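Notes to accompany the following structure.
Not measured: the values here are computed from a predicted model. A note on names: the letters A, B, ... follow the listed sequences, proteins ahead of strands, and every chain is numbered from 1. Computation of the quantities below employed the complete heavy-atom set of this structure, encompassing side-chain atoms and omitting hydrogens, waters and symmetry-equivalent molecules.
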Amino acid sequence: MPKILVIEDDLDMAEAVRMPLEANGYKVFHAATGEEGLRKVKEAEPDLIVLDVMMETTTAGFQVSLQLRSPDPGSEYAPYKNTPILMLTAIHDTTSLRFGPDEAYLPVDDFVDKPIEPDVLLEKVAALIAK
Amino acid sequence: MELDHVLTCLAESARQLAAADAVAVYLLDEEGDRLTVAAVCSADAACWPQEPIEVEHSPADKKALAGHFTVIADAKSDPQAANAPGDFCSILCVPLIHENVPIGTLHAYAIQAGQFDEDAVARLMPLAEVGAATVAAARAVDTLETLNASKAKFIRVATHELRSPVAVAQSLVRGVLKGYAGKMTEKQSDVFGRISRRLDFLESLVNDLLDLAAGKAPGLAEEEGPVSLNGSVGRAVLLLQPRAEEKGLEIKLQPCHDQLIVWGTEGGLDRIFVNLISNAVKYTPSNGSVTVTVRQADGQARVEVTDTGIGIPENALSHLFEEFYRAPSAKASGEAGTGLGLAIVKDLVERYSGHIEVESQAGKGTRFTVAFPVLSR
C-alpha cells in the first residue's frame, strides 16, 4: 500500500485530498505545517508528498521542497531526495499557465491546481509513484 | 513628484529669490488652526522650533492665510514677530494659497534688520503662488498613490481569502460526487451536482471580479511590453480545443504568417482571446463552427472570432460590454456566466491601445473583431 504524506494547513483541503486517495487504497498521513511535514517525512517515509505552497508563511511549501530536494551534505533529509513531490497550487491560472516543473526554479515533480479535480490528482499521483 | 522634494525646492528657491538667510515653509493642518514646519532652508536647521504655530496667536500668519503679506523690519520691537526663531531681525511672511484655499505660509528670515523691501515681496509672492499649486499637485499625487497601494493590497488579500474557501468547498464536493465519500442515492447526487455548479459559478465570479479590480489597480498586473499576438491566439485556441470537441464543435484557426507584435502583457492578451473564444464555444450549438482569423491590415493586427451560434439581439449589442450585463439570448441558453467577461476583455483591449467591435445576427452567429496597433513585424 503506497504511503502518501499530505502537507497542507487547511484541514478541509487536506480532507479533500485524503478522500480520493484513501478510496483508491493509498495510506495517507497528514501534516499541517512545513515543519511538521519535514518531521513526518522521516517518520512515515512516504512514497510521495502532496505539498501546499502557502501555509504558516506564503512560501512554506517552497521551503519544504527545497530542503528535501537540495539537502546539505550529510543532512537528515538526504535519503528523501528522490521522493516525488506533487505541489498543490492556486498560482496556476489556466489562462497564463507558464511555469512548468523546472528543477532550477522549483524542485517539485508536478502540480495540481486548486480546486482539486479528484481524477486529475489520482492520475498524477499514480504516474509519479510508478516512475 | 514627491511632496518633500517639492517643499525643499520651494524653500531653496525662496531663499535665493529673497536673498534671505533662512526660509521655512509652513503647512496648515486639516483643522486649519495650526501651522507645522514642512521644509527649512537654513545654515542652522537645528535652531528651528519644532512646535506648531497656533494661527490665532501669530498675526503675520493669520494675515498670510487671508492672502496678505507681512514685512517685519525689526523682530525685536515688532509684536507681530512672536514666533521668530533664532537671532533673525527681518521677517517676510507670504501666503501659500491655491485656488482660493490657504494651504500654508512661507517665511523668509534675515539676520540684518530691514532686509526685505517691496522688491523682495514682488519676487516672493509669485513664487509662493506657483509653490502652492505645486504642493497641492504633489499632495494629490501622494493621496492617489496611497489609495492605489491600499487598493492593490486589498485585492491581493481578497484574492486569497475569497478564492481559497471556494476552492476547498469545490474540492470536497467533487470528491463526494465521484463517490469517494461513499455511495450516494440518486437524489443526493443531484443535490451535490447543484451545489457543485453553484460553486463553479462562484469561483468564476470571484475570479472575474478580482481580475476586473486588479486591472484597475496599478502595480498588480505584469509589466506591459511587446508581446506576440500569434502566440497568444494560438495558446487560447489550444486551450479551448478540447472543450469545443466535447461539444462537437470545430475551432478553425486561420493564422497570420507575419509575426505580429503588439503592446500588452501575455496574461492580458491570453485572457482576451480565451474569453472571446470560450464565449463562442459556449454559445454555439453542436455541429456549428468557430473560426479564429488573425491578419494584418492598415498597420493593425486584427483578430476575428466568428461563430455560427445563437447570436445577440440588436438591442442587446450596445449593453454587451457593461459589467454584469448578459444578453437575454445568453441567459436563455442555460449556460452559466457572470456578465463580467466582456467587460474585462474591453478593459484589457483598451489598455493595450486597441479597440473591439461586435456584429451579430440573432440565430445566425456573432463576430468579435479586436484590433491592435502593430509594433513591428
Side-chain angles (χ1 to χ4, degrees), chain A residues 4 6-28 30 32 50-62 86-100 111-126, chain B residues 156-157 159-183 196 199-200 202-204 206-208 210-211 214 221-222 227 231-232 235-236 238-240 242-243 264-278 341 344-345 348:
Chain A
I4 295 178
V6 179
I7 309 178
E8 162 66 77
D9 64 335
D10 187 316
L11 298 185
D12 293 331
M13 185 52 96
E15 181 56 28
V17 176
R18 178 197 292 270
M19 206 176 7
L21 291 175
E22 283 188 344
N24 280 274
Y26 295 101
K27 174 136 184 70
V28 179
H30 173 243
V50 177
L51 180 62
D52 187 24
V53 183
M54 281 165 73
M55 291 186 283
E56 62 271 33
T57 66
T58 50
T59 56
F62 291 134
L86 186 54
M87 187 161 258
L88 291 178
T89 171
I91 294 169
H92 268 217
D93 177 355
T94 38
T95 59
S96 53
L97 190 149
R98 211 63 78 232
F99 70 88
F111 298 92
V112 171
D113 265 344
K114 292 180 187 176
I116 290 165
E117 191 56 71
D119 291 347
V120 173
L121 171 75
L122 289 166
E123 214 173 280
K124 294 197 172 189
V125 165
Chain B
R156 263 195 299 273
V157 172
T159 307
H160 185 246
E161 296 304 318
L162 287 174
R163 275 183 181 152
S164 148
V166 176
V168 170
Q170 276 171 300
S171 307
L172 283 165
V173 167
R174 287 176 188 178
V176 172
L177 270 172
K178 289 278 175 186
Y180 296 132
K183 198 168 159 36
S196 181
L199 285 173
D200 288 349
L202 187 57
E203 184 200 9
S204 40
V206 167
N207 286 343
D208 282 357
L210 293 172
D211 276 350
E222 302 164 57
V227 181
S232 201
R235 274 194 298 276
L238 208 64
L239 188 75
L240 291 159
R243 201 182 300 173
T265 69
E266 276 200 351
L269 281 175
D270 285 11
R271 184 75 208 243
I272 291 169
F273 300 117
V274 166
N275 232 310
L276 292 177
I277 302 169
S278 74
I344 295 169
V345 166
L348 285 167

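The contact between Asp10(A) and chain B is made entirely by side chain atoms (from C-beta outward), counting heavy-atom distances below 4.5 Å. Contacts between Val176(B) and chain A at a heavy-atom distance below 4.5 Å involve backbone atoms as well as side-chain atoms. With a threshold of 4.5 angstrom between heavy atoms, Leu11(A) does not approach chain B through any atom at all.
Here Lys114(A) does not pair with Glu203(B) in a salt bridge; the nearest charged N to carboxylate O distance is not below 4.0 Å. A salt bridge is defined here as a Lys NZ or Arg NE, NH1 or NH2 lying under 4.0 Å from an Asp or Glu carboxylate O, and Arg174(B) with Glu117(A) meets this definition.
For the pair Val166(B) and Leu162(B), the minimum side-chain heavy-atom distance is 4.5 Å or more.
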Can you check side-chain contact (heavy atoms from CB on, under 4.5 Å) on Ile116(A) and Leu88(A), steps first, answer last? CA-CA 8 Å; Ile116(A) 290 165; Leu88(A) 291 178; 3.8 Å; yes
